[in-house]
Amino acid sequence: MKLPEFYYHNPDVVALSRDLIGKYLFTCIDGDLTGGYIVETEAYAGVIDRASHAYGGRLTPRTQTMFAQGGVIYVYLCYGIHEMLNIVTSSEGQPHAILIRAIQPTEGLDTMLARRGMDKLKPNITKGPGSVAKAMGISRKINAESLQGDTVWIEDRGLTFADEEVAACPRIGVDYAGEDALLPYRFYVKGNIYVSKPNK
DNA sequence: TTACCGATGCTCT
DNA sequence: GAGCATCGGTAAA
């Protein structure tokens, strides 16, 4: 079943990032249903996190979605090419977000293959945040969309991973964040073939 | 297997 | 004008 609104109001974005591992993410874009379960996330902890777009309370046209009440998505363009999907959490004015870095696809494989321009299934179809967004049909057009609607949502289907199956380590590609780059805010399922980069 | 590098455009200074 | 929360191809080993 769809995660309830209050799930996203939790002020502990790091704990939520861990909890999202194993939850099912779905999109229904242009009538095509696609989905899978989350195997890799990263937490971005609001105004005190130098790796976050909202560090220091930076409120701009781009980041204002992060300041919304938890339960919507934040989509932005990175490196001019890749769109990234984040889950906004916590309360209004607290710019917490969780980057979805990888999923294990279970639904709508044909649609995902077509969107990715691939002819057969390979792990990199949804490995890495840019790949997830592309395979799921997510773009900036649905920035700030609610997770309670019928375009994009997350379900709990009872799949869980024990703590010893989930690794916590520093985030990827945030070297500019100084000491905050070392925080163990990245979570992933050990050994899962859809997880990007260091994986053991 | 690892390592490099180009693509490409928006955001903020 | 500089700097990105990246990906996939190519090259070398």
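Each chain gets a letter, A, B and so on, in the order the sequences are listed, and its residues count up from 1.
- Between the C1' atom of C:dA5 and the CD1 atom of A:Ile138 lies a distance of 15 Å, rounded to the nearest Å.
- Salt bridge status for A:Arg101 with A:Glu42: present, with a side-chain N to carboxylate O gap under 4.0 Å.
- Below 30°, between 30° and 60°, or above 60°: for A:Tyr37 and A:Phe161 the angle between ring planes is between 30° and 60°, a tilted geometry.
- Atom pair A:Arg116:CZ and C:dG9:P shows a separation of 10 Å (rounding to whole Å applied).
- For A:Pro129, counting side-chain heavy atoms from C-beta on, the closest listed nucleotide (C:dC4, C:dT6, C:dG8) is C:dT6.
- Residue A:Ser131 is classed as a sugar-phosphate contact, given heavy-atom separations below 4.0 Å to backbone atoms only.
- Regarding contacts with the backbone of B:dT11, every side-chain N or O of A:Arg58 stays at 4.0 angstrom or more from both OP1 and OP2.
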message: Between A:Tyr8 and A:Ile87, does the side-chain contact (heavy atoms from CB on, under 4.5 Å) criterion hold? Intermediate values first, please.
response: CA-CA 8 Å; A:Tyr8 303 103; A:Ile87 309 301; 3.9 Å; yes
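- One interatomic measurement links the two molecules: CG of A:Asn143 to P of C:dA5, which rounds to 16 Å at whole-angstrom precision.
- Projected onto DNA chain C by closest heavy-atom contact, A:Asn124 and A:Gly173 fall at different nucleotides, the more 5' of which corresponds to A:Gly173.
- With values rounded to the nearest 0.5 angstrom, A:Thr151 atom OG1 is found 6.0 Å from A:Ile29 atom CD1.
- Remark: the A:His82 side chain and the C:dA5 base include no donor-acceptor N/O pair separated by less than 3.5 Å.
- Following rounding to the nearest Å, A:Ile125 (CD1) and C:dC7 (P) show an atom-to-atom distance of 14 Å.
- A:Glu83 has its CD atom 15 Å from the C1' atom of C:dC4, to the nearest Å.
- Between the C1' atom of C:dT6 and the CD atom of A:Glu42 lies a distance of 12 Å, rounded to the nearest Å.
- One cannot find a donor-acceptor pair under 3.5 Å joining the base of C:dA5 and the side-chain atoms of A:Tyr79.
- Hydrophobic clustering (side-chain heavy atoms under 4.5 Å, transitive across Ile, Leu, Val, Met, Phe, Trp, Tyr) groups A:Ile193 together with A:Val132.
- Residue A:Leu77 places its side chain closer to B:dG9 than to any other of C:dC7, C:dT6, B:dG9.
- Separating the CD atom of A:Gln64 from the P atom of B:dT11 is a distance of 11 Å, rounded to the nearest angstrom.
- Annotation: of the two residues near DNA chain B, A:Arg140 and A:Ile81, the 5′-most nearest-nucleotide partner is A:Ile81.
- Residue ring and base: A:Tyr176 does not count as stacked with C:dG3 (centre distance below 5.5 Å and interplanar angle below 30° not both satisfied).
- OP1 or OP2 of C:dA5 sits under 4.0 Å from a side-chain N or O of A:His53.
- If you check every strand for non-hydrogen atoms under 4.0 Å, A:Arg62 touches sugar and phosphate atoms only.
- Remark: C1' of C:dG8 and NZ of A:Lys122 are 10 Å apart, rounded to the nearest angstrom.
- Using N1 to N3 plus N6-O4 or O6-N4 for Watson-Crick, or N1-O2 and O6-N3 for G-U wobble, each under 3.5 Å, C:dA2 pairs with B:dT11.
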